[in-house]
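In what follows, every chain begins at residue 1, and chains take the letters A, B, ... in the order their sequences are listed.
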There are 2 protein chains.
Amino acid sequence: MSRTTVSLVLNNVRDIKISPATRQKVMDAAERLGYVPNAAARALVSQRAQIIGLLLSRKSHHISTDAFINPIMQGLLDVFRQHDMCLLIDIVDPDHTKEAYIQLARAKRIDGILFSGPRLDDEALKLLEVDGFPTVLIGQLPGTKLCVVDIDNCAAAKSAVAHLIRLGHRQIACITNAQLTYSAAVERLRGYQCALEEAGIAYDPALVRFGDFTIESGYEQMRNLLAGQTKFTAAFVASDTLALGARAALSEQGLAVPQDVALVGFDDLPFARYMDPPLTTVHLPVSDLAHRASEMMIALLSGDHVPCDRVILDTELIIRESCGASHTSTVMKRKEEKEGERIFRNNL
Amino acid sequence: MSRTTVSLVLNNVRDIKISPATRQKVMDAAERLGYVPNAAARALVSQRAQIIGLLLSRKSHHISTDAFINPIMQGLLDVFRQHDMCLLIDIVDPDHTKEAYIQLARAKRIDGILFSGPRLDDEALKLLEVDGFPTVLIGQLPGTKLCVVDIDNCAAAKSAVAHLIRLGHRQIACITNAQLTYSAAVERLRGYQCALEEAGIAYDPALVRFGDFTIESGYEQMRNLLAGQTKFTAAFVASDTLALGARAALSEQGLAVPQDVALVGFDDLPFARYMDPPLTTVHLPVSDLAHRASEMMIALLSGDHVPCDRVILDTELIIRESCGASHTSTVMKRKEEKEGERIFRNNL
DNA sequence: TATGATAACTAACACGTGTTACTAAATCGC
DNA sequence: GCGATTTAGTAACACGTGTTAGTTATCATA
């Protein structure tokens with residue numbers, strides 16, 4: 001019984017004639033010995049590592065509180081499992097070696113890259129495009145030909161702020177989710193500006209602050225806003241994580257939400273509905289994003305024609321109580337939330 | 001100029017004579033071509049994949065809200081980066097193929113396994129032990145010889161509950177962080193029981209509920225407790241994530257924290273200090289856990305003698321306001337938190 | 001100049017698999 | 001009974017690297 005026979009049997013190669021007896025003998029032996037083909041040898045000959053890299057483009061210390069990562073990972077693994085793919089994770093921190101992830105690609109340690117949260121100033125990303133390395137962006141990047149799976153951050157943010165305007169607010173503060181090197185932060189800020197403009201409200205930089213992914217930054221920036229001269233009756237915080245910190249800063253100053261300051265978040269993280277008051281926020285279809293991204297990657301790798309290289313998923317404005325638009329009684333509010341929540345689809 | 005010369009130069013092999021001119025020529029060419037040695041070929045010949053697997057032992061849908069994972073990943077990557085190691089992530093869900101992760105090991109796709117949150121009924125783990133595969137548990141497992149990095153869940157839980165007792169509470173409810181198939185859940189429950197026992201309080205199963213990692217389960221189980229006949233004035237929720245849900249259930253019923261029900265959590269997740277009121281909780285040195293675990297793995301792989309195969313890190317009870325022991329004014333509370341927080345070291 | 005030592009480089013093997021081309025045995029058609 | 005076809009199995013190469021042993025050129029020494 002040769003090595004070849006074993007390979008043929010274990011890989012279940014079609015249209016090949018192996019007697020059932022031999023086949024069974026091979027299976028038995030493999031089972032008995034706990035034999036599993038060596039991944040490196042297999043990768044070497046097949047030119048496929050069967051590993052996809054998920055690259056998180058943000059500072060290392062921002063990973064801890066990033067609630068976006070987990071559902072993405074879960075979604076990816078769900079799909080990968082069905083294709084015998086593995087998931088490798090790495091951080092792309094501008095403070096580290098710039099081309100670290102390019103090396104992963106060139107060494108063929110990974111077959112493809114899912115790139116989350118691209119930065120506008122990431123030069124290495126362009127290298128990937130030149131190399132023609134299979135890449136899917138989770139998030140957008142102006143002027144790239146790479147595959148993209150994302151939401152319309154601008155439209156989503158606009159709908160959130162428009163909602164506040166609809167409720168009568170004119171002085172609306174904004175805290176971005178991150179610095180403007182991150183494309184999502186730029187887009188969400190732009191949505192804020194668009195909503196103001198459409199309502200004929202002048203954009204006032206004194207009401208805008210820049211966060212950096214963390215709860216702390218939400219807290220600090222809200223304190224900063226409150227310490228400023230310009231008054232506001234509502235705030236759009238472009239990340240639920242930061243909204244949590246912002247709310248803490250508000251109640252620390254004795255300000256009630258939504259009575260004194262109406263609050264709207266972004267992301268609809270799991271805790272948003274359990275905040276006090278429950279947070280009005282933009283729902284991000286994180287799970288869908290992950291599924292679409294991973295399926296696009298699989299298609300890219302299998303050489304199939306990729307039908308659409310630009311997927312923009314719908315978001316929804318989930319209206320809870322932090323914006324002051326909900327009027328269900330406090331006691332029963334959460335019980336009826338599913339019915340009580342009003343949803344505005346942003347991309348119809 | 002042969003392939004061998006290139007290999008020698010690029011790997012910076014010591015005690016080998018290569019003329020500076022040749023050396024430079026090699027470096028230049030590599031730079032120009034963007035050459036990076038093929039990982040699979042390297043792994044095949046060196047018998048090292050340079051990849052460590054982080055295995056998350058919990059149900060797939062519990063990954064989303066598990067705030068423990070991110071800081072662990074961050075800590076691991078910090079250490080791995082210095083050793084040219086990569087991080088591969090996978091979920092060990094009892095509903096999937098049991099031996100999926102054993103295959104990763106046998107295929108030598110990964111050099112070692114960091115196993116987070118071992119379940120008592122995981123049979124495959126014993127296989128790893130038999131195989132002698134480099135493994136470090138993050139969390140404990142009775143009767144294993146594997147390396148362990150963990151905290152003393154029992155002592156930590158005990159100190160939290162003892163604190164409530166010290167404040168005068170006698171009817172103390174408990175919601176576990178997970179089902180009792182997870183060793184950490186068992187230990188935390190045991191800590192709760194020990195504290196009661198030492199104070200001469202009878203253990204009442206009517207005051208105990210079992211969570212499952214999610215905010216929802218905290219919410220549901222607290223509602224369940226409140227709907228029960230047995231009254232309580234305090235609750236120990238063995239996970240901050242669940243505590244968030246529990247607090248929502250309390251305020252939904254018009255119960256104030258800590259006036260009506262004192263609350264103590266576990267984990268000291270980033271949001272704990274920003275809850276309203278700030279959550280008294282047990283601080284888990286997550287970052288340390290990750291560092292110690294990864295360093296232990298590196299030592300294991302380098303064949304060094306591993307000095308200690310069982311590292312138990314200290315926890316601290318962080319006293320904020322949800323337990324009713326803090327008396328700083330509400331307005332200034334967070335500002336003075338760092339000084340105002342009282343800390344009890346659990347393992348001296 | 002002959003001898004040995006050293007510097008600089010290379011040919012050849014090993015790693016464990018997938019795959020192709022080939023051989024031997026068995027079966028079939030007439 | 002004999003060539004043609006099908007069935008079952010194998011030898012040999014390729015994948016891209018690290019490494020060992022070996023081969024020239026260069027140079028110092030007696």
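- Contacts of B:D84 classified as side chain to side chain contact (heavy atoms under 4.5 Å, CB included), with partners at least two apart in sequence or in another chain: B:Q50.
- Between B:D93 and B:R58 there is no salt bridge, since no side-chain nitrogen of the basic residue lies less than 4.0 Å from a carboxylate oxygen of the acidic one.
- In this model, a donor atom of one side chain and an acceptor atom of the other lie less than 3.5 Å apart for B:Y101 and B:D122.
- Rounded to 10°, the helix from C:dT1-D:dA30 to C:dC30-D:dG1 has 50° between the axis fitted to its first five pairs and the one fitted to its last five.
- The nearest whole Å value for the distance from the CZ atom in A:R3 to the C1' atom in D:dA12 is 10 Å.
- Heavy-atom minimum distance, B:L104 versus A:C86: CD2-SG, 3.9 Å.
- In this model, a side-chain donor or acceptor of A:T4 finds a partner on the base of D:dA11 within 3.5 Å.
- Between the side chains of A:D78 and B:S60, at least one donor N or O sits under 3.5 Å from an acceptor N or O.
- The footprint of chain B on DNA chain C, defined by a heavy-atom cutoff below 4.0 Å, extends from C:dA7 to C:dG16.
- Across all their heavy atoms, A:I312 and A:I151 have their closest contact at CG2-C, 3.7 Å.
- Defined by atom type and a distance below 3.5 Å, a donor-acceptor pair is missing between the side-chain atoms of B:T5 and B:R23.
- Of the residues in residues 34-52 of chain B, those lying under 4.0 Å from DNA chain D by heavy-atom distance are B:Y35, B:P37, B:N38, B:A41, B:R42, B:V45.
- Residues B:E123 and B:K126 are paired through a salt bridge, judged by an N-O separation under 4.0 Å between the basic side chain and the carboxylate.
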Review item, side-chain donor-acceptor pairs of residues 26-34 of chain A, under 3.5 Å, at least two apart:
residue : atom : partner : partner atom : Å
A:D28   : OD1  : A:Q24   : NE2          : 3.0

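- Here A:T5 does not reach the OP1 or OP2 of D:dA8: none of its side-chain N or O atoms lies under 4.0 Å away.
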Please table the atom pairs, donor to acceptor, closer than 3.5 Å between any side-chain atom in residues 288-300 of chain B and protein atoms at least two apart or in another chain.
residue : atom : partner : partner atom : Å
B:H291  : ND1  : B:S287  : O            : 2.9
B:S294  : OG   : B:A290  : O            : 2.8
B:S294  : OG   : B:H291  : O            : 3.0

